[in-house]
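All residue numbers in this chain count up from 1 along the given sequence. Keep in mind that the numbers below use all heavy atoms, side chains included, and drop hydrogens, waters and symmetry copies.
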Amino acid sequence: MYRFAMKSLYKWKESRYRKPLIIEGARQVGKTWLMKEFGKKAYKDMIYINFDSNSRMAELFASDLNTDRLIMGLEIYSGKKIDPENTLIVFDEVQEVPRALSSLKYFCEDAPQYHIMCAGSLLGIALHSGTSFPVGKVDFLKLYPLSYKEFLMAVGGERFAELLSAHDFSMITAFRQTYIDNLKYYYYVGGMPEAVLHFSENRDFIEVREVQKRILTAYEQDFSKYAPNEIVPRIRMVWNSIPSQLAKENRKFIYGLVREGGRAKDFETAIMWLSDCGLVHKVS
């Protein structure tokens, strides 16, 4: 499966002004896969650290954030020597250890030779929670579900994707039915990598729907696990209203559809939480 974001990662690697990179995006859009795949292709070695329920890493970053000390700790933890030019350091689920986020400032200022990449399913929330996170010390990359072109490539239509990139409209017109059929598949399957992978392997729409349901269930579990208790019911109400909101001809978000008599002030915080997670996008 190819992601166009890979090109951006190569540019980041070669940049003279490279800073630690944060990949933002919703759960299950492929951030971990992208970082690992890039590490395999672009570096001689990679150190992958998952901060979820990782007490050793929490302790390592709990005291001072001296970069030499942190690098030594990462080497001991991974059992590998870190070569600044040839090793990619990956911090996954980094929002679980806010001090690791704070350390990026010191890697940028004191040890810019290290190649560090971070991601987390709820990183947008972490960045808005008062974590010591200086602006200007990191690079950002937003990752979204697969685009239509990426979907075409994933289901064996690389040549059709190339025609779109080349703007070869006469050839595209000649094969328009193939594009239309695949667009209908894309509407149903969507761009979540796991769903696309299952579809590409066996074209089983029932299996795809099961994958989609699992992803939605994981999202809803995040509401009660990470959101403040007082806004969880409102998050669920907003979330459950979205399909009917999108089905209306009126393209505005109507608070009255969330709850009778609902107003913006009732649901602003819930919408902001969903937006920070990357689960909804506000279109002004």
Undergrad: Surrounding NZ of K40 (heavy atoms of other residues, nucleotides or ligands, distance under 6.0 Å), is the total greater than 12?
TA: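 Atom NZ in K40 is not packed in, count stays at 12 or less.
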Undergrad: Fit a plane to each ring of F4 and Y2, take the angle between them on a 0 to 90° scale, and name the class: parallel (under 30°), tilted (30 to 60°) or perpendicular (over 60°).
TA: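 Judged by the thresholds at 30° and 60°, the geometry between F4 and Y2 is perpendicular.
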Undergrad: Would the number of heavy atoms belonging to other residues, nucleotides or ligands and lying under 6.0 Å from CZ of R159 be above 12?
TA: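 No, not enclosed.
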Undergrad: Passes ring-ring contact (aromatic ring centres under 6.0 Å, His included), Y144 versus H281? Steps please.
TA: CA-CA 11 Å; Y144 298 98; H281 301 285; 5.8 Å; yes
Undergrad: Go through L163 and Y179 one step at a time and tell me if the side-chain contact (heavy atoms from CB on, under 4.5 Å) criterion holds.
TA: CA-CA 11 Å; L163 291 177; Y179 286 102; 3.3 Å; yes
Undergrad: Okay, side chain of Q245, backbone of F253: is any donor-acceptor separation there less than 3.5 Å?
TA: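 Here the side-chain-to-backbone pair does not exist.
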Undergrad: Taking side chain as C-beta onward, heavy atoms only, is I22 less than 4.5 Å from L101?
TA: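 The answer is yes, as the side chains (C-beta and beyond) meet within the 4.5 Å cut-off.
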Undergrad: Any chain of hydrophobic side-chain contacts (each under 4.5 Å) joining L257 to V280?
TA: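 No, it is not one cluster - the side chains of L257 and V280 are not joined through contacts under 4.5 Å.
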Undergrad: Has T87 got a side-chain atom pairing as donor or acceptor with P84's backbone, closer than 3.5 angstrom?
TA: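 Checked: no pair found.
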Undergrad: Closer than 4.0 angstrom, basic N to acidic O: yes or no for R3 and E37?
TA: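 So R3 does not pair with E37 through a salt bridge.
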Undergrad: Does some side-chain heavy atom of E85 sit less than 4.5 Å from a side-chain heavy atom of H115?
TA: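 They are in contact (side-chain heavy atoms under 4.5 Å apart), so the answer is yes.
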Undergrad: Is there a side-chain contact between V189 and H198, using heavy atoms and a 4.5 Å cut-off?
TA: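 Sidechains of H198 and V189: no contact.
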Undergrad: If you round to the nearest 0.5 Å, how far is OG1 of T173 from CG of D168?
TA: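 Between atom CG of D168 and atom OG1 of T173 there are 9.0 Å.
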Undergrad: Mind checking the CD1-CG spacing from I89 to D45? Nearest 0.5 Å is all I need.
TA: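 Output value for this atom pair is 10.5 Å.
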Undergrad: Take atom CZ in R263; do more than 12 heavy atoms of anything else shown fall under 6.0 Å from it?
TA: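 No - once you tally the heavy atoms of other residues, nucleotides and ligands closer than 6.0 Å, there are 12 at most.
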Undergrad: So which atom in R27 and which in M192 form the shortest heavy-atom distance, rounded to 0.1 Å?
TA: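 Taking every non-hydrogen atom into account, O-CE, 3.4 Å.
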Undergrad: Quick one: do Y188 and F199 satisfy ring-ring contact (aromatic ring centres under 6.0 Å, His included)? Show the steps, please.
TA: CA-CA 10 Å; Y188 185 96; F199 179 73; 8.4 Å; no
Undergrad: CG/L143 to CD1/I23 distance, rounded to the nearest 0.5 angstrom?
TA: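 L143 CG to I23 CD1: 7.0 Å, rounded to 0.5 Å.
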Undergrad: Tell me whether W12 contacts the main-chain N or O of K19 through its side chain, where contact means a donor paired with an acceptor under 3.5 Å.
TA: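 Side chain of W12 to backbone of K19: a pair is present.
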Undergrad: Taking all heavy atoms of R69 and all of L60, pick out the closest pair and write down the distance.
TA: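 Heavy atoms of R69 and L60 come nearest at NH2-O, 2.9 Å.
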Undergrad: Could you check whether atom CE of M6 has more than 12 heavy atoms from other residues, nucleotides or ligands sitting under 6.0 Å from it?
TA: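 Above 12, so yes.
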Undergrad: For the residue pair R18 and Q113, what are the closest heavy atoms and their distance?
TA: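 Closest heavy-atom pair between R18 and Q113: NH2-O, 3.6 Å.
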Undergrad: side-chain contact (heavy atoms from CB on, under 4.5 Å) for R214 and E194? Distances and angles first, verdict last.
TA: CA-CA 10 Å; R214 282 204 304 272; E194 187 183 358; 2.8 Å; yes
Undergrad: In terms of heavy-atom contacts, does CD of E230 have more than 12 from other residues, nucleotides or ligands at under 6.0 Å?
TA: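 Enclosed: over 12 neighbouring heavy atoms sit under 6.0 Å from CD of E230.
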Undergrad: Are side-chain heavy atoms of M57 and F91 found at a separation under 4.5 Å?
TA: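 They are not in side-chain contact.
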Undergrad: Work out which heavy atom in V238 is nearest to a heavy atom in A270; give both atom names and the distance.
TA: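 Shortest heavy-atom separation between V238 and A270 comes out as CG2-CB, 4.2 Å.
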Undergrad: Please answer whether the main-chain N or O of T32 pairs with a side-chain N or O of Y48 as donor and acceptor at a distance below 3.5 Å.
TA: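 No: the side chain of Y48 does not pair with the backbone of T32.
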Undergrad: Applying side-chain contact (heavy atoms from CB on, under 4.5 Å) to I215 and V211, what does each step give before you reach the verdict?
TA: CA-CA 6 Å; I215 292 170; V211 171; 4.0 Å; yes
Undergrad: Is it possible for you to say whether L216 and L246 belong to one hydrophobic cluster, with membership spreading through side-chain heavy-atom contacts below 4.5 Å?
TA: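 Yes: a chain of side-chain contacts under 4.5 Å links L216 to L246.
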Undergrad: Measure the CZ-CD distance between F160 and E158 for me, rounded to the nearest 0.5 Å.
TA: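 Reported to 0.5 Å precision, the distance equals 10.5 Å.
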Undergrad: Heavy atoms, side chains only, cut-off 4.5 Å: are R236 and S224 in contact?
TA: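 Yes; the side chains approach each other to less than 4.5 Å.
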Undergrad: Answer whether the closest heavy-atom distance between the side chains of I71 and F107 falls below 4.5 Å.
TA: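 Yes. Closest side-chain heavy atoms under 4.5 Å.
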Undergrad: Within the distance-only criterion (no hydrogens, no angle test), does the side chain of S78 pair as donor or acceptor with the backbone N or O of L74 below 3.5 angstrom?
TA: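 Yes, S78 side chain to L74 backbone: donor-acceptor pair under 3.5 Å.
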Undergrad: Roughly how far, to the nearest 0.5 Å, is the CG atom of L152 from the CG atom of L146?
TA: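 It is 10.5 Å, given to the nearest 0.5 Å.
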Undergrad: Is there a donor-acceptor pair under 3.5 Å between the side chain of T217 and the backbone N or O of K213?
TA: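 A pair under 3.5 Å: yes.
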Undergrad: Measure across M1 and A154 and return the closest heavy-atom pair with its distance rounded to 0.1 Å.
TA: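 Between these two residues, the closest heavy atoms are CG-CB, 4.3 Å.
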Undergrad: Is K31 reaching over with its side chain to a backbone N or O of G25, donor-acceptor style, under 3.5 angstrom?
TA: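 Yes: the side chain of K31 pairs with the backbone of G25.
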Undergrad: For E96 and N54, what are the C-alpha separation, side-chain angles and deciding distance, and is it a side-chain contact (heavy atoms from CB on, under 4.5 Å)?
TA: CA-CA 9 Å; E96 298 291 341; N54 192 328; over 6 Å; no
Undergrad: If hydrophobic clusters are built from ILVMFWY residues whose side chains come within less than 4.5 Å, do Y187 and L197 share one?
TA: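 Yes; L197 is reachable from Y187 via cluster members.
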Undergrad: For Q95 and E93, test the side chains for any donor-to-acceptor distance below 3.5 angstrom and give the result as yes or no.
TA: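 A pair is found: one side chain offers a donor N or O, the other an acceptor, under 3.5 Å apart.
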Undergrad: Output the distance between atom CD (E162) and atom OG (S165), rounded to the nearest 0.5 Å.
TA: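 So the CD of E162 and the OG of S165 are separated by 7.5 Å.
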Undergrad: On the ring face of Y43, is K13 found with NZ or CZ under 6.0 Å from the centre and within 45° of the axis?
TA: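 Satisfied, under 6.0 Å and within 45°.
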Undergrad: In terms of side-chain geometry, is the basic nitrogen of R56 or E59 positioned less than 4.0 Å from the acidic oxygen of its partner?
TA: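 E59 and R56: not salt-bridged.
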Undergrad: Looking at D266 and R259, does any basic side-chain N land under 4.0 Å from a carboxylate oxygen?
TA: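 So D266 pairs with R259 through a salt bridge.
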Undergrad: Check A26 against L279 and note the closest heavy-atom contact, atom names and distance.
TA: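 Here A26 and L279 meet closest at CB-CD2, 3.9 Å.
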Undergrad: Can you hop from I82 to M72 via hydrophobic side chains spaced under 4.5 Å?
TA: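 No, separate clusters.
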Undergrad: Membership question, hydrophobic clusters at under 4.5 Å side-chain separation (ILVMFWY): are V283 and M272 in the same one?
TA: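 Looking at the clustering, V283 is in a separate group from M272.
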Undergrad: Determine the interplanar angle of the F151 and Y148 rings, folded into 0 to 90°, and report it as parallel if under 30°, tilted if 30 to 60°, perpendicular if over 60°.
TA: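 Rings of F151 and Y148: parallel, as their planes differ by under 30°.
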